[in-house]
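Remember, it's 1-based here, ligands and their atoms both numbered in the order they're listed.
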Amino acid sequence: MARDTLIGLVGKPSSGKSTMLNSLTDANAKTGAFPFTTIDPNKATGYLQVDCACARFDREAQCRPNYGSCKNGKRFVPVMLLDVAGLVPGAHEGRGLGNKFLDDLRHADALIHVVDVSGCTDAEGKATSGYDALQDVEWLRAEIMRWIEGNLMEKWGSIKRRHINTKATAVETLQNQFSGYGSTSSVVQRCLDRIRLTQPLESWGLHTIRQVVSAFVDEKFPTILALNKIDHPDADRCIYRISHTVKDDSKIVFTSAISEVFIKRLVKQGYAHYEEGGSDIITAKEDPEHVYGLKPIVDERLQMRIDTLRDMLFYRWKGTGIVHALQAAARTLNLVPVFTVRNIHTFTNSSTDEGVFKDCVLVRRGTQVGTVLRRIMGDVPIAFVEGVGGVRVAKSEAVSEGRNDILAFKVGR
Ligand SMILES: Nc1nc2c(ncn2[C@@H]2O[C@H](COP(=O)(O)OP(=O)(O)OP(=O)(O)O)[C@@H](O)[C@H]2O)c(=O)[nH]1
Ligand SMILES: [Mg+2]
């Protein structure tokens, strides 16, 4: 059965992981300006914004997702988010909460590394000033690598012997070792393809094993950096250092988790109107016609906080970046929404219910139609598959945005 995409929030203590979880979901995880506020992981549902198929057919008004929601053709598809304990240098050897933290992450599909760019917390999350957060970007990946490498090297002798005795392929042997991280043979295959290894596994030295582990980390745990606390007055230095070192823009987003939490609270209390991912908020002052029926802000301190938010965040950064963080993580996974319907002509699931496009799953671009259906239906046999217009679609065809992404299927042999 399909399971929701799982995105892990990682980073050193106090970088803002739990605040980010709260900003992306309805969770109310404990946050605090001291290390190891979180010990046991917090899991909650966030919603990834994607273009809904209903907009293609002018059926926005009838769109009725079973899970998540759809507003004017923007679909909010559930994804699971996991906020774990902070990681400190040496975690792979058990420092801090070390291995426990890493074990909690095993089933993550992608990671958002929450980096504190205020420079106000050191590598262990303790209060300081002028800390260079670029270091965090470097050591965190190294920790994840050493954890996996350590687990592999511990048993390498027997892994090799077994590999030779059973005449297994490198993919089979590695998958045996990596299945505990929620890996699949295709993940392992992709990582071997990536480094184009020709040597047989039994002759791999440490250097080759490190290459394999590095490729595995990139494949299994694609990571984006959320440069968090951009609202902080000292954030510019770290932002500059990191942006100029990590050249790949698609891997970086700029966030202020605390501002998103603050705005959500204003909305809940009836003081503001806000479109998620928007570049401003509307308060009663900006809504003289009372379109949104907002309460006026009488508290001067609250008004000042909103003014600062506009100056420090909306004016400079065009938003809190929170929605982008999730979208960037989804992009590293090349996720495509696929809509399954019972009736390919009406896009409904029954003749008595007019709601369209009720079901949507996120799959990797290029996944075969047959694999998508297996994820949804398990081993139930599928007689045939239809695409838009009732056209037969082969199970071997690949899905991508706008292509084979609306499917109806008939169960049977
Ligand atoms: N200025 C600013 N502070 C933030 C932001 N996000 C989080 N914080 C603050 O940073 C501190 C740590 O936040 P948490 O969310 O508890 O951090 P964490 O990474 O979950 O910490 P641990 O659970 O200890 O690993 C809290 O005081 C938050 O209010 C932000 O965007 N801007
Ligand atoms: Mg926390």
Take every heavy atom of Ala257, measure it against each atom of ligand 1, and state whether any distance is under 4.0 Å.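 For ligand 1, residue contact (heavy atoms, under 4.0 Å) with Ala257 is present.
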Is Gly125 near ligand 1, meaning one of its heavy atoms is under 4.0 Å from it?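 No, that is not the case, since the closest heavy atom of the residue is not under 4.0 Å from the ligand.
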Qualifying residues under ring-ring contact (aromatic ring centres under 6.0 Å, His included), relative to Tyr315, sequence neighbours excluded: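 For Tyr315, no residue satisfies ring-ring contact (aromatic ring centres under 6.0 Å, His included) once neighbours in sequence are set aside.
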Atoms in ligand 1 with a heavy atom of Pro35 nearer than 4.0 Å: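 Going through ligand 1 atom by atom, the ones under 4.0 Å from Pro35 are 24 (O).
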Under 2.8 Å from the Mg ion (ligand 2), the protein N, O or S atoms, given as residue and atom: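 Near the Mg ion (ligand 2), below 2.8 Å, one finds Ser18 OG, Thr38 OG1.
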May I ask you to establish whether Arg59 and Phe347 are in a cation-pi arrangement, using a distance under 6.0 Å from NZ or CZ to the six-membered ring centre and at most 45° from the ring axis?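 That pair does not qualify as a cation-pi contact.
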Cation-pi check, Lys220 to Tyr181: give yes when NZ or CZ is under 6.0 Å from the six-membered ring centre and within 45° of the ring axis, no otherwise.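 Judged by the rule (NZ or CZ under 6.0 Å from the ring centre, within 45° of its axis), Lys220 is not positioned above Tyr181.
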Relative to ligand 1, is [X] under 4.0 angstrom through side chain, backbone, both or neither, heavy atoms considered?
| X | answer |
| --- | --- |
| Ile230 | neither |
| Asp116 | neither |
| His232 | neither |

Have a look at Leu227, Leu87, Thr19 and point out the one with the heavy atom closest to atom 13 (O) of ligand 1.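 Ranked by closest heavy atom to atom 13 (O) of ligand 1, first place is Thr19.
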Please compare Lys17, Lys12, Glu260 and report which has the shortest non-hydrogen distance to atom 25 (O) of ligand 1.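 Heavy atom nearest to atom 25 (O) of ligand 1 belongs to Lys17.
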